[in-house]
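Notes for the one structure printed next.
Positions are given from 1 along the sequence. Keep in mind that this is a model prediction, so the values were computed, not measured.
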Amino acid sequence: MKYFTLILIIWSPVLLAQSGNLKGKVSDEKGEAVAFVNIQLLKTNLGQSTGEDGTFEFENVKNGEYVLFASFVGYKPLEQFIKIEDGKTLNLVMELQENAELLKEIVVKGTLSINEKINSIGKANIRVMDLPQAAYTIDRGTLESQQANNMQDVLMNTNGVYIMGATGGYQEEIAGRGFSFGSNNTFKNGTRYNNSMIPEISSLEKV
């Protein structure tokens, strides 16, 4: 007579589960949801940001004890000890408090570049955008950084204005759009000057 051994294996959901889930919502002191809060489980590679409704969720987190860390600009960082249990979902409600030290007054100052200011050459306080002529100012900083030695070096920063010729190497004929300016159309300190002489660049404040 032969004898057989019957082995029964009973599967238990409790024995199979090795992880749990974590859900939560982050709000401020007024109870309003805070979006894009950085949520991390410390000493793990798990992390995410809260959605627009302030919620977050971690699935299949290995059971054990963790430290949940939440941080966002303008709020005090928050740490909370949690415990993930087999086959269970832990629901959290977290409240962030404003950090007054990080919410100090910020003063923003704006400045206008020399070409955004009213050009004094117009003598009528007309904005550059409203002038019928094209105007462009080259300041002293540009002249120094470029180490300009003559007017031809200066006019490399402009469009449509250029040196038409240099007669004998002592004259710079300034022209624009095919027309020579001549002495009647060039001014130094508001008065016409002899266009047949090369101006001294080192003494110029702006062009």
Side-chain angles (χ1 to χ4, degrees), residues 1-119 127-130 136-147 156-159 206:
M1 186 176 181
K2 295 182 179 181
Y3 295 91
F4 297 92
T5 300
L6 179 63
I7 299 177
L8 298 177
I9 301 178
I10 301 176
W11 297 97
S12 172
V14 178
L15 295 176
L16 287 176
Q18 299 294 326
S19 63
N21 299 324
L22 171 62
K23 293 183 178 181
K25 183 175 182 179
V26 181
S27 60
D28 57 17
E29 295 172 305
K30 299 179 181 179
E32 298 179 356
V34 183
F36 311 115
V37 178
N38 182 33
I39 305 294
Q40 290 181 310
L41 286 178
L42 299 184
K43 296 184 179 181
T44 71
N45 60 353
L46 299 177
Q48 61 178 261
S49 298
T50 59
E52 295 184 357
D53 58 353
T55 61
F56 63 91
E57 181 177 0
F58 294 95
E59 296 182 344
N60 300 321
V61 180
K62 185 177 179 181
N63 61 299
E65 295 182 350
Y66 298 92
V67 176
L68 186 67
F69 181 78
S71 62
F72 190 66
V73 177
Y75 294 87
K76 295 180 180 180
L78 178 63
E79 291 187 359
Q80 184 168 340
F81 292 92
I82 61 172
K83 184 177 182 180
I84 301 298
E85 299 181 359
D86 294 340
K88 295 183 179 180
T89 298
L90 177 62
N91 292 285
L92 294 177
V93 176
M94 306 178 68
E95 181 180 295
L96 294 181
Q97 297 181 349
E98 291 185 354
N99 191 340
E101 295 180 357
L102 297 178
L103 295 177
K104 295 181 179 179
E105 180 182 3
I106 299 177
V107 179
V108 179
K109 295 182 178 180
T111 58
L112 296 176
S113 70
I114 192 170
N115 282 289
E116 292 174 316
K117 298 178 181 179
I118 295 178
N119 200 323
R127 297 188 308 165
V128 176
M129 292 294 295
D130 296 332
Y136 184 77
T137 303
I138 303 170
D139 59 12
R140 184 63 195 169
T142 303
L143 298 177
E144 291 181 350
S145 62
Q146 187 179 350
Q147 297 182 354
M156 292 177 61
N157 301 286
T158 63
N159 293 322
K206 59 184 177 180

For [X] against [Y], the heavy-atom pair lying closest together:
{"X": "Asn60", "Y": "Asn21", "result": "N-OD1, 3.0 Å"}
{"X": "Lys25", "Y": "Asp53", "result": "CE-O, 3.4 Å"}
{"X": "Leu22", "Y": "Ile84", "result": "CB-CD1, 4.2 Å"}
{"X": "Glu52", "Y": "Ala33", "result": "O-CB, 4.4 Å"}
{"X": "Glu29", "Y": "Glu98", "result": "OE1-N, 3.9 Å"}
{"X": "Met94", "Y": "Ala70", "result": "CE-CB, 3.9 Å"}

Look up atom [atom1] in [X] and atom [atom2] in [Y], then write down how far apart they are to the nearest 0.5 Å.
{"X": "Lys88", "Y": "Asp86", "atom1": "NZ", "atom2": "CG", "result": "9.0 Å"}
{"X": "Met156", "Y": "Ile138", "atom1": "CE", "atom2": "CD1", "result": "11.0 Å"}
{"X": "Leu78", "Y": "Gln97", "atom1": "CG", "atom2": "CD", "result": "8.5 Å"}
{"X": "Asn91", "Y": "Glu57", "atom1": "CG", "atom2": "CD", "result": "9.0 Å"}

Compare all side-chain heavy atoms of [X] with those of [Y] and state whether any distance is below 4.5 angstrom.
{"X": "Thr89", "Y": "Lys23", "value": "yes"}
{"X": "Phe58", "Y": "Ile39", "value": "yes"}
{"X": "Val34", "Y": "Thr50", "value": "no"}
{"X": "Tyr66", "Y": "Leu90", "value": "no"}
{"X": "Glu79", "Y": "Leu42", "value": "yes"}
{"X": "Asn63", "Y": "Glu85", "value": "no"}

Sidechain-backbone polar pair: Glu65 side chain, Phe81 backbone, donor-acceptor under 3.5 Å: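 Pair absent, no side-chain N/O of Glu65 close to backbone of Phe81.
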Looking at Glu144, I'd like to know if its CD atom is crowded, meaning that more than 12 non-hydrogen atoms belonging to other residues, nucleotides or ligands lie closer than 6.0 Å.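 Count over threshold, so yes.
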